[in-house]
Amino acid sequence: MANDPLSSEQSVQQLFDLSGKNALITGGTGHLGSAMARALAEAGARVVISSRTLGKAQQVADSLAGHQRGNHLAVAIDQLDETSVDLGFKDAVSQVGRLDILVNNGHDPLSADWETVTGEQFQKQLANATGYFLLARHLRDHAVGNKHQASIIMLGSMYGSVGSYPDVYEGICAASPAAYHALKGSVVHLTRHLAVYWAKEKIRVNCLSPGPFPAAKAPRALIERLNAKSPMGRMGMPAELKGAIVFLASDASSYMTGQNLIIDGGWTSW
Ligand SMILES: NC(=O)c1ccc[n+]([C@@H]2O[C@H](COP(=O)([O-])OP(=O)(O)OC[C@H]3O[C@@H](n4cnc5c(N)ncnc54)[C@H](OP(=O)(O)O)[C@@H]3O)[C@@H](O)[C@H]2O)c1
């Protein structure tokens with residue numbers, strides 16, 4: 001287990017070491033979630049994968065490496081359903097005893113853009129933020145109740161900071177949904193708010209905002225247009241979030257809270 005960062009200077013290896021820590025990651029079955037789960041496990045944490053489908057989560061948990069290989073766990077959580085959030089969090093705690101890290105990564109997708117989205121679809125998309133909040137509060141209550149520190153990481157997006165380029169999508173697919181932009185902007189700001197309220201309780205809350213990390217099934221023509229908008233001229237690979245997630249989860253970021261770490265190949269720096 002890493003030492004208290006305030007009591008003595010730790011080596012860089014100690015700072016990034018997650019041995020002895022337990023981490024819950026939602027949507028750990030997905031494109032980015034599975035890479036971040038591998039990172040947490042490889043850094044030494046015992047990882048609890050959540051999915052809406054317990055069997056899928058178990059498969060990912062069984063595939064993870066690190067000191068805790070074979071001990072990683074699975075729970076079912078639908079973040080749009082408050083009862084499921086409550087039960088899933090309780091299940092995670094009952095399996096590991098103590099949770100130190102929460103990665104709010106799951107995302108219930110929406111394809112309807114501003115032209116076609118209904119009010120109900122828009123509200124449902126925003127409910128992803130409600131799920132992030134409810135889980136974050138559970139972790140805060142658990143950690144404060146048991147008198148230990150915790151790190152919460154919210155998955156934002158570059159689209160929580162900047163608008164999208166309409167011409168990138170035109171003629172290929174629906175535009176980046178307005179409701180997604182409202183959601184991710186709110187996640188970035190929710191991070192700041194909770195971080196301030198919980199800082200003295202030693203609960204850190206940070207946001208990790210990926211830029212473009214399209215899944216393999218994304219249309220080639222879209223990727224080419226996105227590449228042209230990227231200073232690096234290419235898309236991100238899921239493994240390029242591994243360093244950032246371990247940094248935010250670990251003592252390496254012990255004096256950082258309320259921040260939005262953007263990993264986007266320079267997209268928001270033009
Ligand atoms: N990929 C990108 O370019 C990009 C860019 C910026 C930000 N992000 C953010 O990064 C995060 C991960 O994105 P991704 O690309 O890895 O997406 P993804 O592959 O679609 O994974 C999202 C995961 O969320 C889970 N999920 C869906 N509905 C859910 C619900 N109602 N409750 C709980 N979990 C639910 C799914 O797991 P189950 O089906 O197993 O439940 C899925 O594995 C998201 O928050 C996304 O907004 C992604």
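Start at 1 and go down the list; that is how both ligands and their atoms are numbered. Heavy atoms only: backbone and side chains are in, while hydrogens, waters and symmetry mates are out.
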Trainee: Any N or O of K56 that comes nearer than 3.5 Å to an N or O of ligand 1?
Mentor: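 K56 vs ligand 1: N/O contact under 3.5 Å present.
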Trainee: Whether the side chain of T191 engages the backbone of G258 through a donor-acceptor N/O pair (distance < 3.5 Å, no angle test) should be reported.
Mentor: no
Trainee: Could you tell me whether K124 and E120 make a salt bridge, using a distance below 4.0 angstrom between a side-chain N and a carboxylate O?
Mentor: no
Trainee: Work out which heavy atom in D108 is nearest to a heavy atom in L80; give both atom names and the distance.
Mentor: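 Looks like OD2-CD1, 3.3 Å.
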Trainee: Below 4.0 Å, non-hydrogen atoms only: which portion of I77 touches ligand 1? Side chain, backbone, both or neither.
Mentor: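 Within the 4.0 Å criterion, I77 contacts ligand 1 through backbone atoms alone.
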Trainee: Just which atoms of ligand 1 are under 4.0 Å from any heavy atom in D78?
Mentor: 30 (C), 31 (N), 32 (N)
Trainee: What atoms of ligand 1 come within less than 4.0 Å of a heavy atom belonging to G156?
Mentor: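 In order of number, 7 (C), 9 (C).
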Trainee: Testing the basics here: between L110 and P177, what is the closest heavy-atom pair and its distance to 0.1 Å?
Mentor: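 Smallest interatomic distance, heavy atoms only, reads O-CG, 3.5 Å.
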Trainee: Contact between ligand 1 and Y180 is defined here as a heavy atom of the residue under 4.0 Å from a ligand atom; is it met?
Mentor: yes
Trainee: Which protein non-hydrogen atom lies closest to atom 37 (O) of ligand 1, naming both residue and atom, and how far is it?
Mentor: T29 OG1, 3.1 Å
Trainee: Looking at atom 39 (O) of ligand 1, what's its closest protein heavy atom, distance included?
Mentor: R52 NH2, 2.7 Å
Trainee: Suppose I only count heavy atoms of L80 and a 4.0 Å limit; which atoms of ligand 1 are within that range?
Mentor: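 Those of ligand 1 that fall under 4.0 Å from L80 are 31 (N).
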Trainee: Could you tell me the residue and atom name of the protein heavy atom closest to atom 32 (N) of ligand 1, and the distance to it rounded to 0.1 Å?
Mentor: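 Nearest protein contact, heavy atoms only, for atom 32 (N) of ligand 1 is Q79 N, 2.8 Å.
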Trainee: Specify side chain, backbone, both or neither for M158, according to which of its non-hydrogen atoms lie closer than 4.0 Å to ligand 1.
Mentor: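 For M158, there is no contact with ligand 1 at all, from either part.
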Trainee: So which heavy atom in the protein is nearest atom 40 (O) of ligand 1, and how far is it from that ligand atom?
Mentor: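 Residue, atom and distance for the closest contact: S51 OG, 2.5 Å.
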Trainee: Please round to the nearest 0.5 Å and tell me the distance separating atom OG of S250 and atom CD of Q14.
Mentor: 12.0 Å
Trainee: Y132 heavy atoms, cut-off 4.0 Å: which ligand 1 atoms fall inside?
Mentor: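 Checking each atom against Y132, I get 45 (O).
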Trainee: Assess S84 for proximity to ligand 1: is some non-hydrogen atom of it under 4.0 Å away?
Mentor: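 Contact check S84 vs ligand 1: negative.
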Trainee: Counting both backbone and side chain atoms, is some N or O of P210 under 3.5 Å from an N or O of ligand 1?
Mentor: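 No: no nitrogen or oxygen of P210 is under 3.5 Å from one in ligand 1.
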Trainee: State, yes or no, whether a side-chain contact exists between Y169 and R225 at a heavy-atom distance under 4.5 Å.
Mentor: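 No, every pair of side-chain atoms sits at 4.5 Å or beyond.
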Trainee: Look at atom CD of E82 and say whether more than 12 heavy atoms of other residues, nucleotides or ligands are closer to it than 6.0 Å.
Mentor: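 12 or below, so no.
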Trainee: Under a 3.5 Å distance rule, please check whether D62 uses its side chain to pair with a backbone N or O of Q59 as donor and acceptor.
Mentor: no
Trainee: Which label fits F89 and H142: parallel for a plane angle under 30°, tilted from 30 to 60°, or perpendicular past 60°?
Mentor: perpendicular
Trainee: How long is the span from the OH atom in Y165 to the CD atom in E170, to the nearest 0.5 Å?
Mentor: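 With rounding to 0.5 Å, OH (Y165) is 15.5 Å from CD (E170).
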Trainee: Considering both backbone and side-chain atoms of F213, is one of its nitrogen or oxygen atoms within less than 3.5 Å of a nitrogen or oxygen in ligand 1?
Mentor: yes
Trainee: Might you check, step by step, whether the distance between atom 17 (O) of ligand 1 and some protein heavy atom is under 4.0 Å?
Mentor: no
Trainee: Kindly indicate whether the side chain of L139, heavy atoms from C-beta on, has any atom under 4.5 Å from the side chain of D100.
Mentor: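 L139 vs D100: side chains apart.
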Trainee: Near G30, which atoms of ligand 1 are under 4.0 Å from a heavy atom of that residue?
Mentor: 19 (O), 21 (O), 43 (O)
Trainee: Name the option, out of G211, A218, G106, that contains the heavy atom nearest to atom 5 (C) of ligand 1.
Mentor: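 Heavy atom nearest to atom 5 (C) of ligand 1 belongs to G211.
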Trainee: Check whether any heavy atom of G131 sits under 4.0 Å from an atom of ligand 1.
Mentor: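 In this structure, G131 fails to qualify as a contact of ligand 1 - no heavy atom is under 4.0 Å.
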Trainee: What residue and heavy atom of the protein are closest to atom 24 (O) of ligand 1, and at what distance?
Mentor: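 Heavy-atom neighbour on the protein nearest atom 24 (O) of ligand 1: H107 N, 3.0 Å.
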Trainee: Looking at L15, is its backbone amide N or carbonyl O close enough to the side chain of D251 to form a donor-acceptor pair, meaning the two atoms are under 3.5 Å apart?
Mentor: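 Side chain of D251 to backbone of L15: no pair is present.
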Trainee: Closest non-hydrogen protein atom to atom 23 (C) of ligand 1, residue and atom name please, with distance?
Mentor: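 For atom 23 (C) of ligand 1, the nearest protein heavy atom is G27 CA, 3.7 Å.
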Trainee: Just so I know, are the side chains of L102 and L135 near enough to count as touching, which here means a heavy-atom distance under 4.5 Å?
Mentor: yes
Trainee: Which protein non-hydrogen atom lies closest to atom 44 (C) of ligand 1, naming both residue and atom, and how far is it?
Mentor: N105 O, 3.3 Å
Trainee: Would you say L32 and ligand 1 have an N/O pair spaced under 3.5 Å apart?
Mentor: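 Yes, L32 has an N/O under 3.5 Å of an N/O on ligand 1.
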Trainee: Inspect the surroundings of CE in M256 and state if more than 12 heavy atoms from other residues, nucleotides or ligands are less than 6.0 Å away.
Mentor: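 Check passes, neighbour count above 12.
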Trainee: I'd like to know if atom 20 (O) of ligand 1 has any protein heavy atom within a distance of less than 4.0 Å.
Mentor: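 Protein heavy atom within 4.0 Å of atom 20 (O) of ligand 1: absent.
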Trainee: NE2 of H31 to CE of M36: how many Å apart, nearest 0.5 Å?
Mentor: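 The CE atom of M36 is 10.0 Å from NE2 of H31, to the nearest 0.5 Å.
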Trainee: Say whether S157, considering both its backbone and side-chain N or O atoms, lies within less than 3.5 Å of an N or O atom on ligand 1.
Mentor: no
